[in-house]
Amino acid sequence: MFFHIVLERNMQLHPRFFGRNLRENLVSKLMKDVEGTCSGRHGFVVAITGIESVGKGLIRDGTGFVTFPVKYQCVVFRPFKGEILEAVVTLVNKMGFFAEAGPVQIFVSKHLIPDDMEFQAGDMPNYTTSDGSVKIQKECEVRLKIIGTRVDATEIFCVGTIKDDFLGVINDPAAA
Amino acid sequence: MSVASESPVHSSSSDDLAAYLEAELDAGSDSSAESSEDNAEAANLGSKRRKLEHVESGEEDEIQGVASVTYSEEISKASSSKGACEHPGSFGNMCFVCGQKLEETGVSFRYIHKEIRLNQDEISRLRDSDMTFLQRKRKLYLVLDLDHTLLNSTILKDLKPEEEYLKSHTHSLQDVSGGSLFMLEFMHMMTKLRPFVHSFLKEASEMFVMYIYTMGDRPYARQMAKLLDPKGEYFGDRIISRDDGTVRHQKSLDVVLGQESAVLILDDTENAWPNHRDNLIVIERYHFFASSCRQFEHDYQSLSELKSDESEPDGALATVLKVLKQAHKLFFENVDEDISNRDVRPMLKQVRKEILKGCKVVFSRVFPTMAQPEDHPLWKMAEELGATCATEVDASVTHVVAVEMGTKKARWAVREKKFVVHRGWIDAAHYLWKRQPEENFGLEQLKKQGTEK
């Protein structure tokens with residue numbers, strides 16, 4: 001799920017960036033530092049949308065670096081248990097398949113793939129129904145349900161299922 | 001979907017839902033004696049237990065196709081708390097069936113994904129389900145080592161001056177197909193593929209599902225796989241490196257998802273596979289670079305210094321391919337029968353027994369007098385190769401393995417025009433999977449080598 005929230009961060013800035021463009025420098029450094037990172041609480045920071053406030057800078061002894069407390073608005077993405085997500089399949093093997101939804105890596109076990117879908121080995125491994133009408137293979141888009149999540153410092157892992165109504169392949173670029 | 005519209009789960013009134021679950025619960029508990037016992041227990045345990053059973057019956061609904069999205073979270077909680085989930089494995093320390101957080105258990109399959117772990121039952125289940133697939137596709141598993149088996153690599157700074165000429169003979173990394181010598185400057189390495197390796201992989205891929213298993217690290221393994229298999233058609237994600245094994249300095253089939261009775265291993269180091277010797281085909285080491293010879297304390301000149309290479313049609317890989325073909329043929333003979341109980345290991349032994357078939361070997365002064373000759377490794381090796389061993393000479397003997405010409409048996413052999421060879425003849429047959437010409441292993445050669453040194 002996406003959220004638009006306000007976060008705070010203490011930014012350290014080198015003295016060479018002081019001057020007229022201080023604010024721009026601060027913002028571009030913030031974007032570089034924060035976008036694309038994860039936190040267990042908020043999930044993955046997708047983009048910074050605005051600066052709420054920049055607090056008073058504090059000069060550090062010895063180094064001359066200045067620390068600014070910056071409040072910023074950003075869009076974060078965090079998967080939840082029970083959430084329905086759309087993801088792209090990255091790897092298929094006999095254990096099940098792996099998929100990605102942006103920064104989130106999801107594994108769907110063979111146990112949670114409908115029983116009528118069978119694994120087919122080969123150079124393009126896939127899960128196929130007995131009539132061949134539905135096929136899950138690399139690059140496919142699937143709709144799945146999250147049954148567990150773990151958020152690390154830089155990565156988010158989920159386990160998912162497609163053994164439920166309205167879940168499974170939604171688009172197969174290979175078939176199109 | 002019609003079922004969904006009929007489903008009471010989707011009805012707006014929560015009373016309806018409770019009534020429905022109650023009815024379901026009663027129906028479920030009547031169906032078996034065991035669950036009525038459960039019911040009695042549930043009464044004792046009170047309302048909490050009852051709530052759990054409500055949820056359980058909710059799960060049955062789900063199986064019938066009456067989906068419950070809102071209650072799914074409770075269902076998964078319920079199924080884990082009642083202990084129904086066996087946690088066959090985990091992804092990111094979460095059970096991939098129920099989503100519950102788990103301690104680190106089972107075998108890590110890092111070469112597939114760094115977070116995936118499977119427990120033993122799941123591994124055996126996967127291996128079993130594979131046998132049917134094998135039967136259909138007529139394929140076995142082949143685990144291949146990289147260094148000294150399929151290729152030879154050296155660090156650039158270890159190149160001798162005599163080998164500098166190689167730098168101008170390297171093949172472009174842009175299009176690796178067809179090339180055999182590559183300079184990997186970003187890894188400070190040069191790699192030479194063994195002659196015949198391309199044809200070997202192509203033909204073997206028709207009979208085997210192939211794995212790479214190397215003691216090198218992961219980036220090296222991936223890079224070598226790219227050289228051997230640029231299209232990714234042979235190995236796919238089945239590339240196991242040192243970082244992925246379960247035991248340090250050892251290779252083991254526990255991370256290979258194939259039944260041990262259907263796996264063949266090709267490696268130059270027998271000691272790397274202490275638990276799977278019967279699956280192993282030992283191949284003669286491929287030393288192309290001088291540094292590689294030094295590593296194994298061989299003092300002869302390397303192939304690169306001699307500006308030569310192994311023979312393409314008669315090299316070690318070509319011989320091994322023949323062995324693989326024979327073993328594969330034996331395994332899939334009479335496929336109409338049930339082959340799920342077949343084992344490739346005795347078949348490999350059978351192929352090996354063809355090598356010295358028809359030879360009767362007598363040993364002269366090879367074994368210490370005190371020891372039982374039957375226990376000696378050389379005796380056993382000769383028997384594994386299909387030769388018959390004897391302690392006394394008679395007319396049916398074909399070969400005398402001796403250390404010097406002076407012995408009674410050796411002189412007898414010369415008189416009777418039998419072959420007199422040194423033990424290298426048996427060793428060579430063992431490593432090369434082929435009966436060697438006896439004249440290359442006469443005792444004169446042994447003497448000559450001795451004086452040269």
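Sequence lines set the chain letters: A, B, ... in the order given, protein chains first and strands last, and positions in each chain run from 1.
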Atom group of B/F109 that falls short of 4.5 Å from chain A, counting heavy atoms: side chain

Atom NZ of A/K138: over 12 foreign heavy atoms under 6.0 Å: no

Greatest number of heavy atom pairs closer than 4.5 Å to chain B - which of A/T149, A/D152, A/I146: A/T149

Chain A contact via B/K139 - side chain, backbone, both or neither, heavy atoms under 4.5 Å: neither

For residues 203-210 of chain B, please give each side-chain donor-acceptor pair under 3.5 Å, one per line with the distance, not counting sequence neighbours.
| from | atom 1 | to | atom 2 | distance (Å) |
| --- | --- | --- | --- | --- |
| B/E203 | OE1 | B/K325 | NZ | 2.8 |
| B/S205 | OG | B/L201 | O | 3.3 |
| B/S205 | OG | B/K202 | O | 2.8 |

A/E24 atom CD, neighbour heavy-atom count above 12 within 6.0 Å: yes

Any residue meeting side chain to side chain donor-acceptor pair (under 3.5 Å) with B/N93, in chain and number order, not counting sequence neighbours: none

Whether A/F157 and B/H113 hold their rings parallel, tilted or perpendicular, with breakpoints at 30° and 60°: perpendicular

Residue B/I116 versus chain A: region with a heavy atom under 4.5 Å: side chain

Heavy-atom check, side chain of A/M95 versus side chain of B/F96, under 4.5 Å: no

Between CG on residue A/N93 and CG on residue B/D237, distance to nearest 0.5 Å: 5.5 Å

Interface residues of residues 101-121 of chain A facing chain B - heavy atom cut-off under 4.5 Å: A/Q105, A/I106, A/F107, A/S109, A/K110, A/H111, A/L112, A/E118, A/A121

Residue B/L257 versus chain A: region with a heavy atom under 4.5 Å: both

Table please: side-chain donor-acceptor pairs of residues 4-23 of chain A below 3.5 Å, with sequence neighbours left out.
| from | atom 1 | to | atom 2 | distance (Å) |
| --- | --- | --- | --- | --- |
| A/H4 | NE2 | A/T49 | OG1 | 2.7 |
| A/H14 | ND1 | A/R16 | N | 3.1 |

Enclosure of A/K71 NZ (heavy-atom neighbours >12, cutoff 6.0 Å): no

Proximal component of B/K101, with respect to chain A [non-hydrogen, under 4.5 Å]: side chain

